[in-house]
**Q** 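Can you read through this structure? Questions will come right after.
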Amino acid sequence: MMGPCCHARLLRFLVIVLTAAVATSSPPLRQAADQTGVLVGTAVRPSLFSEAAYSQTVAREFSLVEPEDAMKWWVVRRNQDSFDFREGDEVVRFALAHGMHVRGHCLVWDHNNPEWLTQSNFTTAQLSHLLHEHITTMMKHYSRQVFAWDVVNEALDENGSPKDSPWYNQPGIGFAGKGTAYVEQAFRWAREADPHALLFYNEAEGEGLNRKSDAIYAMVRDFRERGVPIDGVGLQMHISRLDLDTAAIGANIARLTALGVQVHITELDVSLPLDPANGQVREEDLLRQAEVYRGVVHACLQHPGCTAIQTWGFTDKYSWIGSHSHQTRGAALPFDRTYKPKPAYDAMIKELAARHGMKP
Ligand code: XIL
């Protein structure tokens with residue numbers, strides 16, 4: 001029987017060996033994913049492209065990028081009368097230069113909106129006009145450049161009911177109290193604006209089987225039955241549990257793709273608790289984290305309709321988890337702060353490599 005001290009030492013040794021193996025020998029993620037039919041992506045911040053290690057890693061590893069914030073209302077619509085496309089355009093330019101797809105994020109959300117929008121007393125008619133104009137202008141500007149849009153983000157609460165939002169009921173665009181009718185309106189405007197783009201509903205905490213994912217499923221089924229244009233569901237996957245039920249995620253992907261829509265894993269990260277004394281993570285947790293990454297990739301690859309796996313950033317140097325958790329959690333991404341691949345990266349590579357040629 002191994003004592004706790006030897007156990008810890010063995011784990012440390014395994015982490016070092018795994019990290020070294022990854023750093024030297026494996027093909028990049030995008031190459032490992034090449035024959036699987038799945039895009040591998042990351043959220044990016046264009047202000048960081050000037051950091052060589054940052055942009056080199058993105059270009060080498062990923063076939064898909066999504067602006068973490070650069071296409072959101074609070075960046076593009078700093079004022080009401082104009083659109084500022086500069087940051088979003090930088091992401092598109094980077095992607096074109098490196099043969100990558102771009103996902104657009106996001107057109108309708110109750111967060112990350114400018115104050116002029118949320119703190120003024122617009123009427124329903126004015127808000128409806130503003131949203132229609134926003135969806136149309138954004139999608140036309142990025143037509144044939146953004147291949148898939150998160151049209152609506154996080155519209156539902158944990159019980160599956162529509163959340164309060166300027167677009168739904170405060171005062172809303174004209175469908176307050178009518179369930180997902182405002183979501184439907186946004187998708188209809190989106191299809192009109194750019195018939196080439198894939199239209200996604202993106203959601204948090206509806207990855208496995210629960211009331212929220214049941215509500216997403218019911219909404220998508222209803223939209224499909226009535227011909228409301230929707231092409232996919234984005235499952236965010238901000239994971240904080242290391243005992244994640246990946247079988248439930250697989251079952252959810254199965255039922256969604258059976259409706260004829262695609263699934264993208266859109267914001268994968270697996271945050272770890274930080275030791276308050278020194279900000280470090282337990283090495284054992286890095287291995288458990290790798291297992292979660294492996295499980296998510298596995299769940300996606302088992303379903304031909306799951307067509308993209310994207311992480312929310314890629315290096316622990318730049319991740320939203322730190323500020324979001326008030327520095328209590330971190331180390332959520334596949335590369336460490338020095339851009340060295342972690343066991344999570346190796347797990348993704350291995351799972352992708354094992355699936356070569358298994359998808360159409
Ligand atoms: C986060 C970004 O990572 C942060 O930079 C920003 O300050 C707030 O938004 N779900 C989403 C993303 O759909 O847009 C959020 O991104 C994370 C949660």
Side-chain angles (χ1 to χ4, degrees), residues 41-49 51 54 58 62 64-78 84 86-88 90-91 102-115 117-118 134-135 138 142 146 148-158 162-168 183 186-187 190 198-208 212-213 216 232-241 263-271 296 308-335 337:
T42 176
V44 290
R45 301 178 187 170
S47 59
L48 299 172
F49 287 152
E51 188 180 323
Y54 184 93
V58 178
F62 298 99
L64 168 69
V65 283
E66 173 170 316
E68 184 170 346
D69 291 303
M71 290 186 190
K72 289 177 179 170
W73 272 80
W74 67 357
V75 174
V76 179
R77 307 297 303 278
R78 289 204 173 87
D84 185 344
R86 284 174 299 179
E87 291 191 29
E90 261 193 78
V91 175
V102 182
R103 290 189 94 259
H105 175 79
C106 51
L107 299 169
V108 185
W109 193 21
D110 61 318
H111 279 73
N112 296 185
N113 291 314
E115 281 187 5
L117 179 74
T118 52
H134 185 79
I135 291 175
M138 291 293 287
Y142 289 113
V146 165
W149 273 102
D150 290 334
V151 178
V152 179
N153 194 32
E154 300 181 2
L156 302 173
D157 68 18
E158 69 272 20
K163 279 200 297 189
D164 293 342
S165 101
W167 312 118
Y168 172 52
V183 176
F187 275 86
L198 296 173
L199 309 181
F200 275 70
Y201 176 76
N202 194 49
E203 187 55 272
E205 290 160 3
E207 291 65 39
K212 197 191 264 192
S213 66
I216 299 169
V233 173
L235 301 177
Q236 290 188 7
M237 305 250 181
H238 295 291
I239 297 170
S240 53
R241 297 183 59 143
V263 165
H264 286 175
I265 311 290
T266 50
E267 305 185 14
L268 176 61
D269 55 21
V270 181
S271 66
V296 171
I309 302 168
Q310 178 173 259
T311 52
W312 204 238
F314 58 96
T315 165
D316 292 337
K317 188 172 181 186
Y318 304 113
S319 158
W320 78 303
I321 292 293
S323 62
H324 182 66
S325 70
H326 305 287
Q327 315 307 325
T328 59
R329 306 185 66 85
L333 291 165
F335 292 84
R337 291 175 161 273

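Small disclaimer: the values here were computed from a predicted structure and weren't measured. Atoms within each ligand, like the ligands themselves, are counted from 1 in listed order.
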**Q** Restricting to non-hydrogen atoms, name the atom on Asp84 and the atom on Val75 that form the minimum distance, rounded to 0.1 Å.
**A** CB-O, 4.2 Å

**Q** How close does the nearest protein non-hydrogen atom get to atom 3 (O) of ligand 1, and which residue and atom is it?
**A** Glu68 OE2, 2.5 Å

**Q** Ligand 1 and Trp312, any nitrogen or oxygen pair closer than 3.5 angstrom?
**A** yes

**Q** Looking only at heavy atoms, which two atoms of Trp167 and Leu117 are closest? And how far apart?
**A** CZ2-CD2, 3.5 Å

**Q** How far does NZ of Lys163 sit from CG of Asp110, to the nearest 0.5 angstrom?
**A** 4.0 Å

**Q** Just going by heavy-atom distances, which of Lys72, Glu267, Glu66 is nearest to atom 18 (C) of ligand 1?
**A** Glu267

**Q** Tell me the contacting part of Gln236 for ligand 1: side chain, backbone, both, or neither, using a 4.0 Å heavy-atom threshold, strictly below.
**A** side chain

**Q** Establish, for the pair Arg45 and Tyr318, whether the NZ or CZ atom is under 6.0 angstrom from the six-membered ring centre and no further than 45 degrees off its axis.
**A** no

**Q** Take Trp312 and His324 through the test ring-ring contact (aromatic ring centres under 6.0 Å, His included) and record every step on the way to the result.
**A** CA-CA 13 Å; Trp312 204 238; His324 182 66; over 10 Å; no

**Q** Go through ligand 1 atom by atom and flag the ones less than 4.0 Å from a non-hydrogen atom of His105.
**A** 11 (C), 12 (C), 13 (O), 14 (O)

**Q** Which ligand 1 atoms, with their elements, are less than 4.0 angstrom from a heavy-atom of Asn112?
**A** 8 (C), 9 (O)

**Q** So for His324, does at least one of its heavy atoms come nearer than 4.0 angstrom to any atom of ligand 1?
**A** no

**Q** State the CG-CD distance between Leu48 and Glu68, to the nearest 0.5 angstrom.
**A** 9.0 Å

**Q** I need the Arg77 CZ to Asn112 CG distance, nearest 0.5 Å.
**A** 15.0 Å

**Q** Can you classify the ring geometry of Tyr54 versus Phe314 as parallel (below 30°), tilted (30 to 60°) or perpendicular (above 60°)?
**A** tilted

**Q** State the atoms of ligand 1, each with its element, that fall below the 4.0 Å cut-off from a heavy-atom position in Asn153.
**A** 11 (C), 13 (O)

**Q** Starting from atom 5 (O) of ligand 1, find the nearest protein heavy-atom neighbour and note its residue, name and distance.
**A** Asp69 OD2, 2.7 Å

**Q** So is Glu154 close enough to ligand 1, meaning a heavy atom under 4.0 angstrom away?
**A** yes

**Q** Taking atom 7 (O) of ligand 1 as the point of reference, which of Trp109, Trp74, Tyr318 owns the nearest heavy atom?
**A** Trp74

